[in-house]
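So the structure is just underneath, and the comments pick up after that.
Proteins come first, then strands; the chains are lettered A, B, ... in the order of their sequence lines, and each starts at number 1. What you are looking at is a predicted structure, and each value in this text was computed from that prediction instead of being measured. All values below come from the heavy atoms of this structure, side chains included, with hydrogens, waters and symmetry mates left out.
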Amino acid sequence: NAGVTQTPKFQVLKTGQSMTLQCAQDMNHEYMSWYRQDPGMGLRLIHYSVGAGITDQGEVPNGYNVSRSTTEDFPLRLLSAAPSQTSVYFCASIIGPMGNGYTFGSGTRLTVV
Amino acid sequence: ILNVEQSPQSLHVQEGDSTNFTCSFPSSNFYALHWYRWETAKSPEALFVMTLNGDEKKKGRISATLNTKEGYSYLYIKGSQPEDSATYLCALMGNDYKLSFGAGTTVTVRA
């Protein structure tokens with residue numbers, strides 16, 4: 001198993017540009033989440049999904065969209081990038097609420113200039 | 001989003017010494033409590049998931065307990081080693097299955 005695969009690892013965007021952060025898992029996990037990590041803020045939940053076709057907002061959803069058309073993929077879309085979205089983004093998955101903890105991807109470091 | 005507090009924010013421990021730190025939460029109305037270890041330049045890795053009051057979990061020299069009635073969980077490291085240096089994250093999975101993280105406790109083990 002590859003686990004949770006995130007692409008790209010690094011990205012620089014100009015203000016106003018859009019892009020999609022990709023996340024895929026091959027463990028047949030039902031639950032998937034996106035977090036952002038900022039200095040002094042810890043991990044904050046952006047969006048999450050409990051299964052294909054089901055998504056919900058987390059703590060900081062503004063400026064981001066998600067979709068879950070398959071169990072494996074959970075892309076995060078930045079609609080119009082802003083400098084405030086400069087952060088490290090992590091995708092994570094878990095088989096279900098009784099799973100043995102989330103498996104995290106390696107992260108995407110995004111800089112918006 | 002559940003409020004999760006971790007203390008202390010950081011600590012230094014001598015190699016061979018044992019240490020512990022706290023995760024506290026205001027309500028027992030949650031689905032599960034998670035602990036993760038996060039080493040620099042890596043991704044968080046799951047240590048434990050606990051659900052019941054009185055739960056105790058152990059992995060090698062690291063163990064954790066859960067007290068839902070008084071709203072805290074302790075993580076213990078016995079005989080700290082340099083490889084234990086990391087940030088330890090506590091997180092609560094609410095009944096809506098959202099996982100909310102605390103800010104973490106950063107442990108530095110001095111040789």
Grouping I, L, V, M, F, W and Y whenever their side-chain heavy atoms are under 4.5 Å apart, do [X] and [Y] come out in a common cluster?
X	Y	answer
Val60(A)	Trp34(A)	yes
Leu11(B)	Val4(B)	yes
Val49(B)	Tyr31(A)	no
Ile95(A)	Val4(A)	no
Leu33(B)	Ile62(B)	yes

Polar side-chain atom of Lys98(B) near backbone of Gln57(A) as donor-acceptor pair, under 3.5 Å: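 Between the backbone of Gln57(A) and the side chain of Lys98(B) there is a qualifying donor-acceptor contact (under 3.5 Å).
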Is it the side chain or the backbone of [X] that comes within 4.5 Å of chain A heavy atoms, both, or neither?
X	result
Leu47(B)	neither
Phe48(B)	neither
Trp35(B)	neither
Tyr31(B)	side chain

Is the count of non-hydrogen atoms from other residues, nucleotides or ligands lying under 6.0 Å from [X] atom [atom1] greater than 12?
X	atom1	result
Gln9(B)	CD	no
Lys78(B)	NZ	no
Arg109(A)	CZ	no

Steps toward side-chain contact (heavy atoms from CB on, under 4.5 Å) verdict (Leu99(B), Tyr35(A)): CA-CA 10 Å; Leu99(B) 191 67; Tyr35(A) 290 88; 3.1 Å; yes
Working for side-chain contact (heavy atoms from CB on, under 4.5 Å), residues Phe101(B) and Met41(A): CA-CA 10 Å; Phe101(B) 282 86; Met41(A) 302 291 288; over 6 Å; no
Might you point out which heavy atoms bring [X] and [Y] nearest each other, and give the distance in Å?
X	Y	answer
Pro44(B)	Phe104(A)	O-CD1, 3.6 Å
Ser106(A)	Ser43(B)	CA-OG, 3.3 Å
Gly101(A)	Ala46(B)	CA-CB, 3.8 Å

Co-members of Val12(A) in a cluster of I, L, V, M, F, W and Y side chains, linked at under 4.5 Å: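 Val113(A), all in the cluster of Val12(A).
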Residue Leu43(A) versus chain B: region with a heavy atom under 4.5 Å: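 Looking at Leu43(A), backbone and side chain both touch chain B.
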Side chain / backbone / both / neither for Tyr48(A) at chain B, heavy atoms under 4.5 Å: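 The side chain, not the backbone.
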Straight-line distance of Met93(B) CE to Ile94(A) CD1, nearest 0.5 Å: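 Between atom CE of Met93(B) and atom CD1 of Ile94(A) there are 4.5 Å.
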Near-ring test Tyr36(B)/Tyr102(A), centroid separation under 6.0 angstrom: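 So the answer is no for these two rings.
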